[in-house]
There are 2 protein chains.
Amino acid sequence: MARKSTAEGGLRERKKRATRDALVEAAVRLAAEHGAERVTVEAISDAAGVSTRTFFNYFDSRDDAFVMIGAEANARVRQAVLAAPPGLSPLQVLRDAIAAELAEVEERHELWSLHAMVLRTSPRLLVRALGVHTADERELAEVLAERIDVGSRSSDRATPSASEDERRNPTPRLYPRLLAAVGVTAVRVAVEHWCERPDGVAFGDVFHDVFEHLAAGLPAPAEETGRN
Amino acid sequence: MARKSTAEGGLRERKKRATRDALVEAAVRLAAEHGAERVTVEAISDAAGVSTRTFFNYFDSRDDAFVMIGAEANARVRQAVLAAPPGLSPLQVLRDAIAAELAEVEERHELWSLHAMVLRTSPRLLVRALGVHTADERELAEVLAERIDVGSRSSDRATPSASEDERRNPTPRLYPRLLAAVGVTAVRVAVEHWCERPDGVAFGDVFHDVFEHLAAGLPAPAEETGRN
DNA sequence: TCCCAACTTGCAGAGTCTGCATTTTTGCAT
DNA sequence: ATGCAAAAATGCAGACTCTGCAAGTTGGGA
């Protein structure tokens with residue numbers, strides 16, 4: 001009931017999303033099979049049932065099709081941050097908001113695995129993916145700033161009309177930006193570390209450890225801690 | 001005396017470096033003047049006095065020329081980490097190692113300013129730059145791991161033959177990876193924040209604040225702190 | 001001095017990406 | 001239902017990016 005996956009908007013919106021998803025999925029599958037460098041836009045477009053010209057109506061570049069998976073998760077994380085219960089520290093709020101999305105990934109597990117494989121075999125795409133993810137930080141930083149303000153000041157702002165906020169504080173403050181950036185980075189490190197482990201550590205554990213390190217101020221870890 | 005800029009290697013090496021620098025500088029200047037999207041490889045190559053084919057012997061893609069500035073700083077940071085005095089926490093070591101490079105940037109200040117402007121006006125290149133920088137984390141994580149080991153265990157390893165290290169610990173550990181990633185991220189946030197401030201805050205102050213936040217575990221900042 | 005390896009270059013060709021005009025599809029009001 | 005306007009898809013021409021290959025230059029060691 002909480003999340004209705006993909007059923008919002010009219011037919012137009014849904015069809016557009018379907019085409020986009022089809023292109024992304026075709027791109028990832030073809031790349032996993034033949035190697036990303038040997039997959040042309042024409043092949044992707046054919047597999048998705050559209051013209052090559054249409055491909056470029058959806059993506060600015062060929063590589064975007066390999067990278068633009070989960071592009072909607074960010075919006076959900078932001079929403080979760082705003083809906084977080086009071087009494088939590090900013091870092092906790094962010095951790096919980098992200099943790100909620102992890103389940104989402106497990107649903108489409110197969111495609112995400114293929115995606116991870118593609119990135120692992122193509123440094124160029126990995127670099128691009130890293131950049132794209134970190135580019136979302138600005139938006140995340142804004143909602144974090146709002147959440148922090150609501151938590152510390154008197155709480156009376158049901159309508160998040162950003163205009164007043166922006167006018168009062170044209171320069172985004174350092175702390176929210178840092179928190180957002182570090183949070184995104186922490187998730188990325190957790191995922192990378194987890195992918196490289198041959199042993200079957202649960203991702204949740206790695207995720208937990210990473211945020212423990214952050215909350216503690218990144219001190220040198222004690223010798224021989226459990227899964228360090 | 002400490003740093004000899006660019007004078008290492010034979011003529012061949014120097015010439016190569018000169019060509020590379022010429023291409024980067026031409027790319028950045030042309031992009032700052034005409035907009036990055038309207039600068040062709042041919043224009044860059046002409047300005048640097050080489051053929052377009054030679055351009056692609058140096059860079060995998062056109063965009064790399066706009067992004068590959070300061071590609072040597074990373075190696076110096078790693079060296080500084082290894083040469084850090086004992087008794088400092090890992091986070092302090094990293095902070096000081098990076099701080100030493102900040103002076104470097106001020107020397108070539110003009111080109112770096114142009115570079116920042118180019119990235120600011122071209123989101124696509126910004127994304128690429130972010131990815132490239134975060135890609136350096138792996139190497140940084142390795143030297144941080146080594147430094148941490150030397151600091152905590154008995155210290156008798158003058159020769160850093162990485163082979164033994166790699167064999168004993170094939171899977172990079174979580175903490176060094178996290179520290180490296182967060183450190184790089186912190187610097188990036190500091191730079192971005194500083195660039196966006198109209199007031200003339202010293203970069204050193206922002207840099208200092210960022211690492212204070214990290215060392216404290218990213219708690220919610222107190223209301224109305226100085227430059228927050 | 002002579003030679004090899006590294007570097008540069010031109011060229012051909014495949015593939016990426018954009019602008020524009022045209023056709024098809026969708027949302028909506030009648 | 002039906003017609004209309006906006007949105008989307010398409011085909012096509014053309015500029016630009018990038019690669020492999022073969023031939024020509026140059027630096028550095030034997």
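Each chain gets a letter, A, B and so on, in the order its sequence line appears, and its residues count up from 1.
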(message) Taking the basic N atoms (NZ, or NE/NH1/NH2) and the acidic carboxylate oxygens, is any pair closer than 4.0 Å for B/Arg173 and B/Asp149?
(response) yes
(message) Below the 4.0 Å mark, does C/dC7 have OP1 or OP2 next to a side-chain nitrogen or oxygen of B/Lys15?
(response) no
(request) Could you tell me whether the phosphate oxygens of C/dC7, OP1 or OP2, come under 4.0 Å of any side-chain nitrogen or oxygen in B/Tyr58? (result) no
(message) Nearest whole Å is fine: how far is D/dA15 P from B/Glu37 CD?
(response) 19 Å
(request) Grab the CG-C1' distance between A/Asp46 and D/dG11 for me, whole Å please. (result) 14 Å
(message) Once you apply a heavy-atom cut-off of 4.0 Å, does B/Thr52 come out as touching a base, just sugar-phosphate, or nothing?
(response) nothing
(request) Using atom CZ of B/Arg53 as one end and atom C1' of C/dC11 as the other, report the distance to the nearest whole Å. (result) 10 Å
(request) Tell me which of B/Ser61 and A/Ser51 sits closer to the 5' end of DNA chain D, going by the nucleotide each one is nearest to. (result) A/Ser51
(message) What's B/Phe59 touching, base or sugar-phosphate or nothing? Going by heavy atoms closer than 4.0 Å.
(response) nothing
(message) One thing to verify: whether A/Glu37 and A/Arg124 come together as a salt bridge, which I'm taking to mean a side-chain N less than 4.0 angstrom from a carboxylate O.
(response) yes
(request) Quickly work out the B/Asp63 CG to D/dC16 C1' distance and round it to whole Å. (result) 12 Å
(request) Calculate the interatomic distance between B/Glu42 atom CD and D/dC18 atom C1'; express it in whole Å. (result) 14 Å
(request) Mind checking the CG-CG spacing from B/Leu179 to A/Leu214? Nearest 0.5 Å is all I need. (result) 10.5 Å
(message) In this structure, how many angstroms lie between the P atom of C/dT16 and the CZ atom of A/Arg62, rounded?
(response) 6 Å
(request) Give the rounded distance in Å between these two atoms: CZ of B/Arg128 and P of D/dT17. (result) 13 Å
(request) Return the value, rounded to whole Å, for the distance between atom CG of A/Leu30 and atom C1' of C/dG15. (result) 16 Å
(request) Name the closest nucleotide to the B/Leu11 side chain, picking from D/dG27, C/dT9, D/dA9. (result) D/dG27
(message) What's A/Phe55 touching, base or sugar-phosphate or nothing? Going by heavy atoms closer than 4.0 Å.
(response) nothing
(message) Looking only at the side chain of B/Arg12 (C-beta and beyond, no hydrogens), which of the listed nucleotides D/dG27, C/dT9, D/dT10 gets closest?
(response) D/dG27
(message) Any salt bridge linking B/Glu110 with B/Arg29? Criterion: basic side-chain nitrogen under 4.0 Å from a carboxylate oxygen.
(response) yes
(message) If we ignore hydrogens and angles and just use 3.5 Å, is the side chain of A/Ser122 paired with the main-chain N or O of A/Leu119 as donor and acceptor?
(response) no
(request) Give the nucleotide from the list C/dT8, D/dT17, C/dT16 with an atom nearest to the side chain of B/Asn57. (result) C/dT8
